[in-house]
Amino acid sequence: MNSLTFPILRLLADGQFQSGEAIARHFGVTRATVWNALQDTESLGVRLFSVRGKGYRLPEPVNFIEAGRVLTVLGEHGPKFTLEIHDQLASTNTHLMQQAAIGAAHGVCVVTELQTQGRGRRGRVWQAGLGNSLTFSVLWRFDCGAGALSGLSLAVGVALMRALQELGVEGAGLKWPNDVLHENRKLAGILIELQGDMDGPSAAVIGIGLNLRLPEPLRKAIDQAAIDLHSIAPQTVDSSHGLGTVLRHLAVVLNQFESEGFESLRNEWMAQHAYENHPVRLLMPDGREIEGIAGGIAADGALLVNTTEGLQRFAAGEVSLRGMA
Ligand code: ATP
């Protein structure tokens with residue numbers, strides 16, 4: 001990517017027009033160089049208006065992440081994280097999994113302004129353009145083995161819900177095992193990938209995508225109902241504030257998860273279960289579908305469902321849950 005592309009996009013962050021000449025002057029380059037640098041934006045999926053006589057502007061203001069502001073929001077929890085801010089990455093999880101394998105430290109948080117190949121579970125994608133979604137991954141190292149981390153994605157859901165409550169969001173709920181919904185529309189997703197032995201030590205890369213502001217065409221392109229913070233939070237949540245708030249709650253919840261296990265967070269998770277006592281359908285890896293009534297969560301994070309064959313438990317693995325009308 002052209003090294004001037006993101007610096008110019010930052011200059012255009014307020015969504016106002018800037019002439020090619022003013023941009024060129026700002027960076028001490030020619031207008032042709034500016035034009036060149038902005039040719040990359042289309043391939044990045046970043047829309048830019050270019051109007052003769054007025055210059056360039058982004059369709060909407062974009063809040064770029066400011067490390068200082070994230071640290072202010074993190075407060076006393078700041079030292080637990082090492083922030084790594086990227087302009088663009090294919091996937092923060094992929095990047096951090098690679099870094100973890102070569103020894104990246106506990107607490108590294110990789111965040112990107114633009115994620116071009118965000119991943120969900122089982123090859124699915126997380127879609128977001130510049131400024132649409134807070135996309136980041138955190139590396140957390142555990143003494144225990146990967147086998148003891150089965151409730152981790154649910155614990156992370158609890159941290160996200162605490163952060164959303166602090167941001168004034170009402171009406172959000174958790175969908176087992178790894179999504180945050182608001183009135184049945186997906187607001188955030190969690191993707192956890194593990195490294196290490198079953199007996200320990202192990203490392204978890206905790207990936208989070210939290211929608212900030214989804215433009216209408218993107219919302220329509222997502223193959224399930226989606227929502228953003230902009231539509232439901234009482235005030236605008238910029239990416240630095242959102243990131244700092246989520247990380248602060250994550251630090252507290254992960255600490256509790258490590259010392260007391262998921263069981264200590266289970267009641268809090270269940271109190272926010274979007275489908276508790278609701279009819280649900282489970283999509284099994286072999287293509288089977290099982291219907292029943294969602295009936296709580298086991299101490300290890302498995303979903304309990306009352307089916308015609310009695311109470312059954314489902315480990316997160318490859319199972320997908322769908323609410324039924
Ligand atoms: P499950 O985990 O129960 O199988 P899921 O279908 O939501 O649920 P995930 O792997 O958790 O699957 O997330 C990926 C899915 O999230 C995509 O297939 C798409 O439907 C949806 N999605 C992608 N981008 C966004 C976004 N920005 N906002 C909300 N939803 C999105």
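Atoms within a ligand are numbered from 1 in the order they appear, just like the ligands themselves. Counting from 1, the numbers follow the sequence of the chain as shown. Just so it is clear, the model here is predicted, and its values are computed rather than measured.
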Please list, chain by chain and in numerical order, all residues satisfying ring pair (Phe, Tyr, Trp, His ring centres under 6.0 Å) with His26, sequence neighbours excluded. none
In short, side-chain hydrogen bond (donor to acceptor under 3.5 Å, both in side chains) pairs touching residues 218-238 with sequence neighbours left out are Arg69-Asp238, Glu216-Arg219, Asp228-Ser231
Enumerate the protein residues lying less than 4.0 Å from ligand 1, judged by heavy-atom distances, in chain and residue-number order. Gly120, Arg121, Arg124, Val125, Trp126, Gln127, Lys175, Asn178, Asp179, Lys186, Asn211, Ile222, Asp223, Gln224, Ala226, Ser320, Leu321, Arg322
Name the orientation class of the two ring planes belonging to Phe64 and Phe6 (parallel below 30°, tilted from 30 to 60°, perpendicular beyond 60°). perpendicular
Before accepting this row, confirm whether a basic side-chain N of the pair Arg162/Glu268 lies closer than 4.0 Å to the acidic partner's carboxylate O. yes
Under the salt bridge (charged side-chain N to carboxylate O under 4.0 Å, His left out) definition, can you give me all pairs with a residue in residues 80-96, not counting sequence neighbours? Arg10-Asp87
Salt-bridge contact Arg322-Glu291 (side-chain N to carboxylate O under 4.0 Å): no
